Each structure stands twice: as C-alpha cells, then as structure tokens.
Amino acid sequence: MEIARLEAFVRVATKLSFSRAAESLYLTQPTVTARIQALERELGEPLFERLGRTIRLTDAGEAFLPHAQRALRSVEEGRDALAGLRNVNSGQLTIGTAPTVGTYVLPGILQQFSERYPAVEVSIRTGRSEEVQAMVLADEVQVGFERYLTHPDIETVPLYEDDIALMAGSRHPLAQRGPTTVAELALEPVIFFDVHSSYHAISQAIFRERGIAPRQSLDVDSLEMAKHLVLRGLGLAFLPRVAVAQELEAGTLVAIEIEGAAPLRRRIALIYRKRRLQSRAMMALLSLLDEIYRFEYANPDAPVGAAAR
C-alpha cells in the first residue's frame, strides 16, 4: 500500500475537501482523486460518500482512518529516528501526561530538555492516567507520565512519589495546633477535587477507613480551585505537595499532620510501548529523566528517586 495514497486519504478525511487536501499537499486535485480511487480499489470499499459538493467518510472510511493515521505516524517516527542517528537536532516528541504532572513537574523537565535539544518539536496531550495509557497503546503519543499503572504491552518506569498532605490556610485554627485526629478533621469543612481522580479516592479513604464522614464537604472540579479555596480559609484539602510548594515556602499554606495516619503517596511513572521503534528525541528524553530521577530500567520496583529539581 503506497504511503502517498494514505497521505491523500488522511488529508481529505481531515479537511473533507479534495481541493483543500490537494492544495495542502501541493498536488493537483485530479492527482489526489486518482490516489483515493486507487486506494478504494485496493481496499475494495468506498472511503468517501459524495453528496454534491460535500463529502463525508463512509463507515469503511471511518474504520480505516485511525489505522492510516497510525501508519503515517510510524513512518514519520522512522524518518525522525534515521534523521537523528548521530545527533538529536531534529524530529518530534509527543508526550501524554496526567494533569498534575503536566502542570507542576513536566515544565521543569521540558525546560532542561529544550535547552539541550532546541530543534526538537514537542507536543503535549493531557488526560487522566488511564487515558494517557490508552494514548501510548494507540501510538498517539511516544511517552506518557501517569500514576503507576501496569500493562503487558507497556514499559512502566517509576520516577518519583507524589506526596499528598492535608493543607490549611496559615490563619486556620488547625494550622496553629500541630497534629490533629481524623475525628477533629471531620468537624471542619473539607474540600475534595476531581471526583474521578485517584486524589479524590485517597482523600475519601482517610475518612471511610475510620467510619467517619466530614460534617461539611465541598466537591470542586480542579486542584487549583481547591488550593485557592484553602488559601481563602474556606476549608481543608488533601493536596499534592508538588502543587503547593511555593505556598508552603511562603507560609501561606501549612501542612497538618494527622495522628495515626500513614503517609499518603502516589507513585508517578514514565510509560512507553514495548517493542516500538524509539526516536532519538525519545531516547534523549529517557536519558535526561535518568539523570533527574536515576531510575532503574531493568527493575520497575526499585526505590523511587528524588523529585524533579
């Protein structure tokens, strides 16, 4: 199957126009039409339905599109790998990341990466950890950052532990008292964020394991919203330290110790698909992460290194 035919098909499917696809490919419209017709003959199915001056994908076209896109990505990654055999001076790096890692940790990593490899184009997609894993499996991204999950087709490398602590505004009464009990905590307004995230489950488990429910709780969509509500003195929240490092250093937020409670942590990992051709840009990122976290590729259960500096 010719790559040129796949490129024509994907471009027409994206633009839903033979003329605009031809223009973007620097080809004549008859050439693009001929390539689509040849591909349809090869597949034995019509890929587009012509409705006057408009077109749309047929069921066969919809089914074939993600496979064609994946094939073109693989070819492009192969070209990048060959182009950068000696130096990481070109190419693309596609990253999937969970929101907390992407907001508070990944920028520091990418700053170091871009200083070393300024010509590499980086694109980032965000999603929950399960969504990041799906992106990696579908070859939509080359590498993912997520909470520690495993899959037989994915290499999972632990990076650091995401410490979670109960946070209060500096003027909150509990901020001046030192350690508190869960029963005392339940008397205060408690803020939970992102009901579908593991943070929400970890926070709820503190109360559920003791058979206690907060007398007053507030659910919000985002970690940032929860943080700002705590800063305003409107409640307490379990927040990852990486997201409140500046506030803790400034003293506007205070971490409260809970008596009898084990430390709350999430293991954060790097993931990539096994048996996939890795570009030089990807290998360069792995090398940088090795420097930052000193992870062990051969031992995914090894102790986690320090957080990103």
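Since this is a predicted model, take the numbers as computed values, not measurements. Starting from 1, each residue takes its place in the sequence as its number.
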Tell me, with the steps shown, if Glu184 and Arg177 meet salt bridge (Lys or Arg N to Asp or Glu O under 4.0 Å). CA-CA 12 Å; Glu184 291 172 327; Arg177 285 184 44 188; 3.0 Å; yes
Looking at Leu248 and Ala255, what are the two nearest heavy atoms and their distance? CD2-N, 3.9 Å
Can you list the residues that meet the side chain to side chain contact (heavy atoms under 4.5 Å, CB included) rule with His67, with sequence neighbours excluded? Arg70
Could you measure the distance from the CG atom of Leu239 to the CE atom of Met167? Nearest 0.5 Å is fine. 6.0 Å
Residue list, side chain to side chain contact (heavy atoms under 4.5 Å, CB included) with Ser170, at least two apart or on another chain: Val254
Tell me the ring-ring contact (aromatic ring centres under 6.0 Å, His included) pairs involving residues 207-249, sequence neighbours left out? none
Are Thr33 and Thr31 close enough that some pair of their side-chain heavy atoms sits under 4.5 Å apart? no
Assess whether a salt bridge exists between Arg241 and Asp163, defined as any Lys/Arg side-chain N lying under 4.0 Å from an Asp/Glu carboxylate O. no
Side-chain contact, heavy-atom cut-off 4.5 Å: Thr28 with Val32? no
Look at Asp139 together with Arg273 and state whether they make a salt bridge at an N to O cut-off of under 4.0 Å. yes
Under 4.5 Å side-chain heavy-atom separation, chaining through any Ile, Leu, Val, Met, Phe, Trp or Tyr, what else clusters with Val136? Say none if it is isolated. Val132, Met135, Leu137, Val141, Ile154, Ile271
Cluster partners of Tyr26, using ILVMFWY side-chain heavy atoms under 4.5 angstrom, listed by chain and number? none
Does the distance from a Lys or Arg side-chain N to an Asp or Glu carboxylate O, for Arg147 and Glu130, drop under 4.0 Å? yes
One should read off an interatomic distance between Leu253 CG and Leu166 CG, to the nearest 0.5 angstrom, of 10.5 Å
Under 4.5 Å between any side-chain heavy atoms of Leu236 and Val230, yes or no? no
Would you check if Phe145 and Thr100 make a side-chain contact, meaning some heavy-atom pair closer than 4.5 Å? no
Holding to side chain to side chain contact (heavy atoms under 4.5 Å, CB included), I want the full list of residues that pass it with Ala183, two or more places apart in sequence or in another chain. Thr181, Ile212
Can you run down the salt bridge (Lys or Arg N to Asp or Glu O under 4.0 Å) pairs that involve residues 201-217, sequence neighbours left out, and say none if there aren't any? none
Which atom names give the shortest non-hydrogen contact between Ala168 and Ile256, and what distance separates them? CB-CD1, 3.4 Å
Side-chain heavy atoms under 4.5 Å apart, restricted to Ile/Leu/Val/Met/Phe/Trp/Tyr: what other residues fall into the cluster of Leu149, or is it alone? none
Of the non-hydrogen atoms in Thr150 and Gln133, which two are nearest, and what is the gap between them? O-NE2, 3.8 Å
Listed pairs under 3.5 Å, donor-acceptor, residues 188-203 side chains, sequence neighbours left out:
from   : atom 1 : to     : atom 2 : distance (Å)
Glu188 : OE1    : His172 : NE2    : 3.4
Asp194 : OD1    : Arg128 : NH1    : 2.8
Asp194 : OD1    : Arg128 : NH2    : 3.2
Asp194 : OD2    : Arg128 : NH1    : 2.9
Ser197 : OG     : Asp194 : O      : 2.9
Ser197 : OG     : Tyr199 : N      : 3.4
Ser197 : OG     : His200 : N      : 3.3
Ser198 : OG     : Arg266 : NH1    : 2.6
Tyr199 : OH     : Asp162 : OD2    : 2.3
Tyr199 : OH     : Arg266 : NH2    : 3.0
His200 : NE2    : Asp219 : OD1    : 3.0
Ser203 : OG     : Tyr199 : O      : 2.9

As an exercise, state the distance from OG1 of Thr58 to CZ of Phe64, rounded to the nearest 0.5 Å. 11.0 Å
Pairs where residues 221-237 contributes a residue and the test salt bridge (Lys or Arg N to Asp or Glu O under 4.0 Å) is met, not counting sequence neighbours: Glu224-Lys227, Lys227-Glu247
Answer yes or no: is there a side-chain heavy-atom contact under 4.5 Å between Ile95 and Leu110? yes
Could I get the full list of side chain to side chain contact (heavy atoms under 4.5 Å, CB included) partners for Pro179, not counting sequence neighbours? Glu257, Glu259
Can Arg116 and Glu291 be said to form a salt bridge (Lys or Arg N to Asp or Glu O under 4.0 Å), step by step? CA-CA 13 Å; Arg116 296 188 188 187; Glu291 292 179 26; 2.7 Å; yes
Please tell me if the side chains of Tyr160 and Val105 come closer than 4.5 Å, counting only heavy atoms from C-beta onward. yes
Salt bridge present between Arg73 and Glu7 (N-O < 4.0 angstrom): no
Residue pairs involving residues 54-64 (criterion salt bridge (Lys or Arg N to Asp or Glu O under 4.0 Å); sequence neighbours excluded): Glu49-Arg56
Would a 4.5 Å heavy-atom cut-off, applied to side chains only, mark Leu65 and Phe9 as touching? yes
Under 4.5 Å between side-chain heavy atoms, counting indirect links through other Ile/Leu/Val/Met/Phe/Trp/Tyr residues: same cluster for Leu187 and Leu234 or not? no
So, do Arg50 and Phe18 sit near enough that their side-chain heavy atoms are less than 4.5 Å apart? yes
